Amino acid sequence: MVENLHIDGRAGIDAGLVKRLVATQFPQWSALPVTPVEVDGWDNRTYRLGDEMSARLPTAAGYAPAVDKEHRWLPILAPSLPVAIPAPLAKGAPGEGYRFSWSIRGWLDGETASVDRIDDLSAFATSVAGFLLALQRVDATGGPPAGAHSFYRGVSPAYYDDDTRRSLALLDGRIDTTRALGVWDAALEAAWSGPPVWFHGDLASGNLLVRNGKLAAVIDFGTSGVGDPACDLVIAWTMFSGESRETFHSAVGQDPAMWARARGWALWKALITLAEDIDRDEKRAAGNRRVIDEVLADHDRAN
């Protein structure tokens, strides 16, 4: 998950710690400056290391397994994908009071994707669809099965049934919970029976980089794995709309059951977030209401 976070020292991680870790474990890079990135993540803190590298440190134990996973699999995925992804250069060990493994990667140029930075949103949607289809075609043999490391992206959305129904109860009378329950039940009924394929797990605008108005890279494979890729279609509602959503839908293909599960994934996240924010953060609540409304409308059209 990516947020605009600029507070150095969050989760006990700051530039000084990174500098000490690099100096101790990778002295060949000890003279390079360490600076926080402008747009940082929640699961990890990222620092630019010189001009050509970045250091990435998990913020909690639940995010730490991604270090080994990405270190092993990103170099295997990269040659088959149409845009750049992070290139692991070194894996650091716990030290200097920091408890987890961490990583050094090559720096990827680009800006976080947003509508105002994209020349043609429909063409961008086609590029994102092309990335997903290429990822799904990569040989999944031996890949990490969906589970705790992917926060259960890649399994049935039924894993989050209790959370979803709890949020629906909390939001009763504030959204159309009857229609929302219909979307959720349809997602659970649309069982996945295909072969396991690679999925990204958090394909959101914050994990897409653009350069010259076009898709240039996809980052943060911490929730990636092998399983059901329905979770990767959520971007249809979180970033795209109207013509660009239709373009994405056509370009990425997938069967109706896949889209039913994707609507379930989008609804789950929007519901749990709205339940938290509805009386605290008007802007975030409005964004999640929009996603819910559009997911419900898509479900109605499909049925």
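Computed from a predicted model, the values in this text were never measured in an experiment.
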- Is the shortest side-chain N to carboxylate O distance from Arg284 to Glu276 below 4.0 Å? no
- Report yes or no: do Asp202 and Thr223 form a side-chain donor-acceptor pair below 3.5 Å? no
- Query: If you measure from the Lys or Arg side-chain nitrogens to the Asp or Glu carboxylate oxygens, is any gap between Lys91 and Asp68 under 4.0 Å?
  - Reply: yes
- Message: One pair to check against salt bridge (Lys or Arg N to Asp or Glu O under 4.0 Å): Arg153 and Asp228. What are the steps and the verdict?
- Response: CA-CA 8 Å; Arg153 269 69 165 189; Asp228 174 10; over 6 Å; no
- Message: Return the CG to OG1 distance between Leu296 and Thr177, rounded to the nearest 0.5 Å.
- Response: 10.0 Å
- Task: Would you please test Trp29 and Ile104 for side chain to side chain contact (heavy atoms under 4.5 Å, CB included) and show each step?
- Result: CA-CA 11 Å; Trp29 297 323; Ile104 294 178; 3.5 Å; yes
- Item | Atom pair NZ (Lys69) and OG (Ser224), whose distance is rounded to the nearest 0.5 Å | 4.0 Å
- Is Val128 reachable from Trp259 through a run of hydrophobic residues whose side-chain heavy atoms are each under 4.5 Å from the next? yes
- Verify, without hydrogens or angle tests, whether Thr46 (side chain) and Arg56 (backbone) share a donor-acceptor contact under 3.5 angstrom. no
- Side chains of Val295 and His299: closer than 4.5 Å at any heavy-atom pair? no
- Message: Just so I know, are the side chains of Pro144 and Ser150 near enough to count as touching, which here means a heavy-atom distance under 4.5 Å?
- Response: no
- Task: Check the surroundings of atom CG in Asp255: do more than 12 heavy atoms from other residues, nucleotides or ligands lie under 6.0 Å from it?
- Result: yes
- Item | Student check: side-chain heavy atoms of Pro94 and Phe100 closer than 4.5 Å | no
- Query: Should Ile13 and Tyr47 count as side-chain neighbours, where that means a heavy-atom distance under 4.5 Å?
  - Reply: yes
- Message: According to a hydrophobic-cluster definition based on side-chain heavy atoms being under 4.5 Å apart (Ile, Leu, Val, Met, Phe, Trp, Tyr only), do Phe199 and Phe131 belong together?
- Response: no
- Message: Distance check, rounded to the nearest 0.5 Å: Ser30 atom OG versus Leu21 atom CG?
- Response: 13.0 Å
- Message: Determine whether Leu135 and Leu77 satisfy the following criterion, side chain to side chain contact (heavy atoms under 4.5 Å, CB included), listing intermediate values before the conclusion.
- Response: CA-CA 7 Å; Leu135 182 61; Leu77 297 175; 4.2 Å; yes
- Task: Without swapping roles, check the side chain of His200 against the backbone of Asp220 for a donor-acceptor pair under 3.5 Å.
- Result: yes
- Query: Is the backbone of Leu203 close enough, under 3.5 Å, to the side chain of Asn207 for a donor and an acceptor to pair up by distance?
  - Reply: no
- Between Ala61 and Pro65 the two heavy atoms that sit nearest each other are O-CD, 3.4 Å
- Task: For residues Arg211 and Ala216, report the shortest heavy-atom separation together with the two atoms involved.
- Result: NH1-CB, 3.6 Å
- Query: Any side-chain heavy atom of Ile219 sitting closer than 4.5 Å to one from Pro86?
  - Reply: yes
- Is there a salt bridge (Lys or Arg N to Asp or Glu O under 4.0 Å) between Lys214 and Asp119 once you walk through the steps? CA-CA 7 Å; Lys214 296 176 173 58; Asp119 291 340; 3.7 Å; yes
- Query: Honestly curious: do Val291 and Ile175 fall in one hydrophobic cluster under the side-chain, below-4.5 Å linking rule?
  - Reply: yes
- Item | Minimum side-chain heavy-atom gap Arg117-Thr112 below 4.5 Å | yes
- Got a donor-acceptor contact below 3.5 angstrom from the Gln254 side chain to the Val252 backbone? yes
- Message: Can you list everything that forms a ring-ring contact (aromatic ring centres under 6.0 Å, His included) with Tyr63? Sequence neighbours excluded, please.
- Response: Phe151
- Task: Keeping the roles fixed (side chain from Asn288, backbone from Thr273), state whether a donor-acceptor pair exists under 3.5 Å.
- Result: no
- Item | Criterion side chain to side chain contact (heavy atoms under 4.5 Å, CB included) on Phe221 and Trp73, from CA distance to verdict | CA-CA 9 Å; Phe221 284 70; Trp73 289 104; over 6 Å; no
- Task: Please step through salt bridge (Lys or Arg N to Asp or Glu O under 4.0 Å) for the pair Arg290 and Asp293, ending with a clear verdict.
- Result: CA-CA 5 Å; Arg290 181 193 62 78; Asp293 289 344; over 6 Å; no
- Task: Drop me the distance from Leu89's CG to Ser103's OG, to the nearest 0.5 angstrom.
- Result: 9.0 Å
- Query: So do the side chains of Ile118 and Met239 get within less than 4.5 Å of each other, counting heavy atoms only?
  - Reply: yes
- Item | Test item: Lys19 side-chain N/O and Asp14 main-chain N/O as donor-acceptor pair under 3.5 Å | no
- Gln136 side chain vs Pro229 backbone, donor-acceptor pair below 3.5 Å: no
- Does Arg263 make a cation-pi contact with Trp237, if we ask for NZ or CZ under 6.0 Å from the ring centre and within 45° of the axis? no
- Taking the side chain from Arg48 and the backbone from Asp51, do they hold a donor-acceptor pair closer than 3.5 Å? yes
- Group every Ile, Leu, Val, Met, Phe, Trp and Tyr by side-chain heavy-atom contacts under 4.5 Å, then state whether Val234 and Ile272 land in the same group. yes
- Tell me, with the steps shown, if Leu274 and Ile292 meet side chain to side chain contact (heavy atoms under 4.5 Å, CB included). CA-CA 9 Å; Leu274 180 61; Ile292 291 168; 3.7 Å; yes
- Message: For a quick check under 3.5 Å, do Glu96 and Thr24 share a side-chain donor-acceptor pair by atom type?
- Response: yes
- Item | Minimum side-chain heavy-atom gap Asp109-Trp107 below 4.5 Å | yes
- Query: To the nearest 0.5 Å, how far apart are OG in Ser156 and CZ in Arg261?
  - Reply: 8.0 Å
- Task: Work out which heavy atom in Val210 is nearest to a heavy atom in Ala113; give both atom names and the distance.
- Result: CG1-CB, 3.9 Å
- Is a side-chain donor or acceptor of Ser244 paired with a backbone partner of Ser241 at a separation under 3.5 angstrom? yes
- Would you confirm whether Ser127, through its side chain, and Ala123, through its main-chain N or O, come within 3.5 Å as a donor-acceptor pair? yes
- Task: Decide if the gap between the ring center of Trp102 and the ring center of Phe26 is smaller than 6.0 angstrom.
- Result: yes
Side-chain donor/acceptor pairs under 3.5 Å, residues 183-198, sequence neighbours excluded:
from	atom 1	to	atom 2	distance (Å)
Trp184	NE1	Asp161	OD1	2.7
Asp185	OD1	Arg165	NH2	3.1
Trp198	NE1	Asp139	O	3.3

- Note on the structure: Residues Leu168 and Ala180: closest non-hydrogen pair is CD2-CB, 3.7 Å
- Query: Which pair of non-hydrogen atoms, one from Val226 and one from Ala140, has the smallest distance, and what is that distance?
  - Reply: CG1-CB, 3.7 Å
- Message: Ignoring hydrogens, what is the shortest heavy-atom contact between Pro88 and His71? Give both atom names and the distance.
- Response: CB-ND1, 3.5 Å
- How are the rings of Phe124 and Phe240 set to each other: parallel, tilted or perpendicular (split at 30° and 60°)? perpendicular
- Please check if Leu233 and Tyr152 belong to a single hydrophobic cluster, counting links between Ile, Leu, Val, Met, Phe, Trp and Tyr side chain heavy atoms closer than 4.5 Å. yes
- Rounded to the nearest 0.5 Å, what's the gap from CG on Leu49 to CG on Leu32? Could you check? 5.0 Å
- Count the heavy atoms belonging to other residues, nucleotides or ligands that lie under 6.0 Å from CD of Glu282, then report whether that count exceeds 12. no
